[in-house]
Amino acid sequence: MLVTKIYGNLHESPLPAGVHVETVTLPSDQLVKRIQRVRTDHDREVGIRLPTDAPDLQDGDVLHLDGGNAIVVRVESTDVIVVQPRSILEMAVVAHSLGNRHLPAQFFDAESEYQADVMVVQYDHTVVQYLESVGVPYARQQRIMPIPFRHAEHAH
């Protein structure tokens, strides 16, 4: 089977009752790949070939929908550090220091599932050491990230 488009997302529009769902479980870094070969939890091989302008895959994306059957993306949780600075100054200093390491980060506000203004980065023991050395509150968590971490192109 070859998938060339996404048919929607379960989190936005649930599937009709009675649809048999197979899942493809992917680590976050695989979500950015446009062409890949994967296996469902029913051991069915699926080829994915999305157009270059297609958005990155997300948890809940429907890759196949045919009558009573669907194939849906499930994303593995990612080991992350949730940084919760106490002030805008503390956030600026932390973001600058971690930015110098070219670490991809995602930012969330109090309206998010974190219910606070936070910066989230992939787990790295040197980040933990840095945060502890400067006394910035953080928590290590397993999270399904809404957007995959992507290293930005960069030159000095």
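- Residues passing the side chain to side chain donor-acceptor pair (under 3.5 Å) test with E22, sequence neighbours excluded: T40, R44.
- Of all the heavy atoms in Q84 and A116, the pair that sits closest is NE2-CB, 3.2 Å.
- Atom OG of residue S97 and atom CG of residue L103 lie 11.5 Å apart, to the nearest 0.5 angstrom.
- Looking only at atom types and distance, the side chain of Q36 has no donor-acceptor partner in the side chain of K33 under 3.5 Å away.
- Counting heavy atoms of neighbouring residues, nucleotides and ligands inside a 6.0 Å radius, atom CZ of R86 exceeds 12 of them.
- At a threshold of 4.5 Å between side-chain heavy atoms, the hydrophobic network of Ile, Leu, Val, Met, Phe, Trp and Tyr places V3 and Y7 in two separate groups.
- Rounding to the nearest 0.5 Å places OG of S77 at 11.0 Å from CD of Q141.
- For CZ of R39, the number of neighbouring non-hydrogen atoms (other residues, nucleotides, ligands) closer than 6.0 Å is greater than 12.
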Working note: M145 + V80, criterion side chain to side chain contact (heavy atoms under 4.5 Å, CB included); need CA distance, chi angles, decisive distance, verdict.
CA-CA 9 Å; M145 299 304 296; V80 297; 4.1 Å; yes
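- Across all their heavy atoms, A70 and L15 have their closest contact at CB-CD1, 3.7 Å.
- Without hydrogens or angle criteria, Q106 side chain to I147 main chain gives a donor-acceptor distance under 3.5 Å.
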Kindly indicate, with the supporting measurements, whether the criterion side chain to side chain donor-acceptor pair (under 3.5 Å) is fulfilled by H64 and N69.
CA-CA 8 Å; H64 174 74; N69 297 303; over 6 Å; no
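- Under the 3.5 Å distance criterion, the side-chain polar atoms of N9 are left unmatched by any main-chain donor or acceptor of V62.
- Between L50 and A54, the shortest heavy-atom distance links the atoms CB-CB, 4.0 Å.
- Within 6.0 Å of atom CD1 in I88, 12 or fewer heavy atoms from other residues, nucleotides or ligands are found, so the atom counts as exposed in its surroundings.
- Nearest heavy atoms, A105 versus M119: CB-CG, 3.9 Å.
- When all heavy atoms of Q58 and V75 are compared, the pair lying nearest together is C-CG2, 4.1 Å.
- Residues passing the ring pair (Phe, Tyr, Trp, His ring centres under 6.0 Å) test with Y138: none are found, sequence neighbours excluded.
- A salt bridge links D56 with R34: the distance from a Lys NZ or Arg NE/NH1/NH2 to an Asp or Glu carboxylate oxygen falls below 4.0 Å.
- Minimum interatomic distance between P148 and L31 (heavy atoms only, all atoms of both residues): CG-CB, 3.9 Å.
- Within the model, atoms CG of L2 and OG1 of T4 stand 6.0 Å from one another, a figure rounded to the nearest 0.5 Å.
- Note that CG of D29 and OG1 of T78 are 8.5 Å apart. Values are rounded to the nearest 0.5 Å.
- Looking at S112, its side chain does come within 3.5 Å of a backbone N or O of Y114 through a donor-acceptor pair.
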Mind running side chain to side chain contact (heavy atoms under 4.5 Å, CB included) on D59 and D61 for me, showing each step along the way?
CA-CA 6 Å; D59 186 66; D61 278 350; over 6 Å; no
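- Under the side chain to side chain contact (heavy atoms under 4.5 Å, CB included) test applied with V73, the options L10, T25, L26, V38 reduce to a single match, L26.
- Note that CD1 of I71 is 9.5 Å distant from OG1 of T23, once rounded to the nearest 0.5 Å.
- Clustering ILVMFWY residues whenever any of their side-chain heavy atoms sit less than 4.5 angstrom apart, transitively, puts L98 in the very cluster that holds V128.
- If you take CD on Q142 and CG on D79, they are separated by 4.5 Å, rounding to the nearest 0.5 Å.
- Residue pairs meeting the salt bridge (charged side-chain N to carboxylate O under 4.0 Å, His left out) criterion with at least one partner in residues 96-121, sequence neighbours excluded, are E113-R143.
- Residues Y130 and V136 fall within the same hydrophobic cluster, defined by Ile, Leu, Val, Met, Phe, Trp and Tyr side chains chained together at heavy-atom separations under 4.5 Å.
- Residues I6 and V72 fall into different hydrophobic clusters, defined by Ile, Leu, Val, Met, Phe, Trp and Tyr side chains chained together at heavy-atom separations under 4.5 Å.
- Note on ring orientation: taking the six-membered ring where Trp is involved, the planes of H20 and H42 are perpendicular (angle over 60°, cut-offs 30° and 60°).
- Hydrophobic clustering places V121 together with V93 (ILVMFWY residues linked when any side-chain heavy atoms are closer than 4.5 Å, directly or through intermediates).
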Set out, in order, the CA-CA distance, both residues' side-chain angles and the distance that settles side chain to side chain contact (heavy atoms under 4.5 Å, CB included) for I35 and I48, then state yes or no.
CA-CA 5 Å; I35 300 173; I48 300 173; over 6 Å; no
